[in-house]
Amino acid sequence: MKPQIKRTFSNFFFEYETPRQVLVRNKRVAVVCRIIQMGVLAYIIGWVFMYEKGYQIVDIAISSIFTKMKGVSFTNISEKERIWDAADYVFPEQGDSSFVVMTNYIATVGQKQDKCPEVGKCLSLLPSSLLAFIRHMTGRCINDTSTCEIYSWCPVEDDRKIPDPPVLLTAENYTLFIKNSITFRQFNVVRSNLVESVNQSYINTCLYHPKTDPLCPIFRLGDIVERSGLSFSEIARVGGAIGVLIDWDCNLDLSIRHCKPKYEFYGLYGTGKNEDKEEKPSLGYNFRYAKYYVENEVEKRTLMKVFGVRIDIIVHGRAGKFDIIPTLTAIGSGVGIFGVATVVCDMLLLYLVSKRDFYKNMKFKHTEIEEEVSVVFK
Ligand SMILES: Nc1ncnc2c1ncn2[C@@H]1O[C@H](COP(=O)(O)OP(=O)(O)OP(=O)(O)O)[C@@H](O)[C@H]1O
């Protein structure tokens with residue numbers, strides 16, 4: 001091996017370089033540097049580690065929800081008394097995470113397929129292309145009602161006046177039971193909203209309250225609507241939608257008992273307590289359904305236009321647990337941010353303080369350009 005190459009190899013393996021540091025005794029620059037360093041340290045410890053828990057890996061929950069409504073209402077319409085229970089007023093009845101509780105309705109009883117006058121606005125004023133899809137006209141006009149005759153389920157529903165107060169205003173006192181189970185696959189953890197303190201006797205007597213009973217899974221319908229910021233009497237009359245959020249934010253470095261749900265309520269669609277209801281183009285929420293039967297060999301139906309509270313239950317589940325990889329990544333990025341203090345203080349030292357030329361001379365070691373050039377061309 002040539003001596004030149006040998007020397008290069010031995011320099012590479014047996015010599016260690018370290019940057020030369022300059023110790024500057026300048027109070028202003030030192031104070032600025034320490035303040036920045038303390039700010040960065042506070043950010044790393046306070047925000048990255050304590051608040052954001054940058055030392056944890058995170059998993060998102062998979063969840064399942066089951067709901068059950070309870071409560072009865074009594075109505076007496078045109079001398080006809082009737083009791084309504086959950087099987088009558090919940091749609092669909094399976095206990096889904098999204099369902100409607102009927103609070104008001106317009107019933108059109110004994111409809112059969114026939115010819116009869118249309119109700120309300122004369123639809124023949126609509127463009128004929130649209131009309132064909134809405135009503136099947138017979139071509140006759142009925143003078144008594146000043147409307148066209150149509151082939152339809154007769155008598156035609158008259159929904160021009162929505163019952164006020166709502167027929168099932170007592171729906172306010174219905175109770176909703178929510179059962180929610182979540183799993184964090186990555187950590188092999190399964191949790192239910194019926195946590196350790198929620199036992200059978202507690203469920204039988206409790207009612208959710210954010211302060212006194214935050215873990216009770218039984219909610220009063222009126223409370224849900226009021227907590228979402230909507231007005232129950234108005235939402236019961238024309239219908240509306242409420243979002244119930246079950247929020248799980250679990251720190252699995254602590255005991256699993258601390259992994260508890262938090263319930264939040266949001267008015268998604270409906271009229272607020274102080275809102276002007278006349279300004280909205282499509283008020284509330286409603287849908288139609290029919291109950292069919294046969295009478296004297298004629299198929300008949302009762303058509304219901306249902307107004308109700310639609311409840312959508314949404315689950316947000318997040319769990320974090322210590323892991324070495326995110327911890328090292330957070331520390332590494334923190335150390336990198338420390339470099340900001342050096343950059344700022346160097347700029348202060350070399351460009352802003354009065355003795356900047358002196359510090360520049362101390363910091364940089366100059367070489368003579370002529371000398372370098374002559375060495376290179378020798
Ligand atoms: N909407 C509700 N309001 C108040 N309590 C409820 C409600 N739904 C269920 N519960 C009560 O919660 C407990 C658990 O309900 P779950 O449906 O699991 O059991 P269940 O015995 O089938 O209920 P049910 O009383 O309907 O027969 C029962 O004691 C039940 O009475």
Side-chain angles (χ1 to χ4, degrees), residues 61-75 82-105 166-183 189-228 230 232-233 235-236 239-248 256-257 259-268 270 285 287 289 304 306-315 317:
I62 298 172
S63 91
S64 163
I65 296 165
F66 157 80
T67 58
K68 191 183 266 186
M69 288 294 307
K70 278 196 177 178
V72 286
S73 284
F74 172 78
T75 56
R82 201 188 152 163
I83 285 284
W84 300 82
D85 69 10
D88 300 314
Y89 59 69
V90 178
F91 305 90
E93 55 283 280
Q94 296 96 322
D96 282 357
S97 59
S98 179
F99 60 95
V100 178
V101 179
M102 178 169 74
T103 49
N104 204 4
Y105 66 87
V167 186
L168 303 176
L169 191 58
T170 47
E172 205 173 2
N173 296 316
Y174 296 168
T175 50
L176 165 66
F177 172 50
I178 301 179
K179 205 152 87 170
N180 171 219
S181 179
I182 56 164
T183 171
V189 167
V190 179
R191 211 62 191 136
S192 158
N193 67 328
L194 310 181
V195 292
E196 291 77 11
S197 55
V198 179
N199 53 28
Q200 186 61 47
S201 61
Y202 181 65
I203 288 186
N204 289 342
T205 52
C206 75
L207 200 57
Y208 172 84
H209 186 279
K211 295 233 163 67
T212 55
D213 289 275
L215 292 173
C216 177
I218 314 274
F219 303 80
R220 192 175 158 268
L221 190 62
D223 293 347
I224 293 179
V225 175
E226 296 295 328
R227 289 209 170 94
S228 74
L230 298 182
F232 188 82
S233 55
I235 207 177
I242 309 280
V244 177
L245 175 70
I246 307 179
D247 193 16
W248 296 84
I256 192 72
R257 299 171 77 89
C259 182
K260 293 174 188 169
K262 232 169 58 190
Y263 302 96
E264 287 164 25
F265 309 93
Y266 297 94
L268 300 178
Y285 168 78
F287 64 94
Y289 88 99
M304 299 279 283
V306 173
F307 303 86
V309 183
R310 181 192 167 112
I311 295 192
D312 291 294
I313 302 175
I314 305 132
V315 178

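Counting starts at 1 for both ligands and their atoms, following the listed order. What you see is a predicted model; the values in this text were computed from it and never measured.
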(request) Determine the minimum heavy-atom distance between S64 and N180, stating which atoms define it. (result) O-ND2, 3.0 Å
(message) Using heavy-atom distances only, which candidate in I178, I218, L221, T67 approaches atom 5 (N) of ligand 1 most closely?
(response) I218
(request) Only heavy atoms count here, so choose which of K70, K68, Q200 is nearest to atom 31 (O) of ligand 1. (result)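 When every heavy atom of K70, K68, Q200 is considered, K70 comes closest to atom 31 (O) of ligand 1.
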(message) Show the atoms of ligand 1 that are less than 4.0 angstrom away from any heavy atom in M69.
(response) 1 (N)
(message) Show me which atoms of ligand 1 lie under 4.0 Å from any heavy atom of N204.
(response) 29 (O)
Name the closest protein heavy atom to [atom], giving the residue it belongs to and the distance to 0.1 Å.
atom                    : value
atom 12 (O) of ligand 1 : I203 CG2, 3.3 Å
atom 14 (C) of ligand 1 : F177 CE2, 3.9 Å
atom 3 (N) of ligand 1  : T175 OG1, 2.7 Å

(message) Tell me if the aromatic rings of F91 and Y289 count as close, with their centers under 6.0 Å from one another.
(response)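 Here the rings of Y289 and F91 have centres that are less than 6.0 Å from each other.
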Is it true that the side chains of [X] and [Y] contain a donor and an acceptor less than 3.5 Å apart?
X    : Y    : result
S201 : N199 : yes
Y89  : T103 : no
N193 : Y263 : yes

(request) Kindly indicate whether atom 21 (O) of ligand 1 is approached by any protein heavy atom to under 4.0 angstrom. (result) no
(request) Could you tell me how the ring of F265 sits relative to the ring of Y208: parallel (under 30°), tilted (30 to 60°) or perpendicular (over 60°)? (result) perpendicular
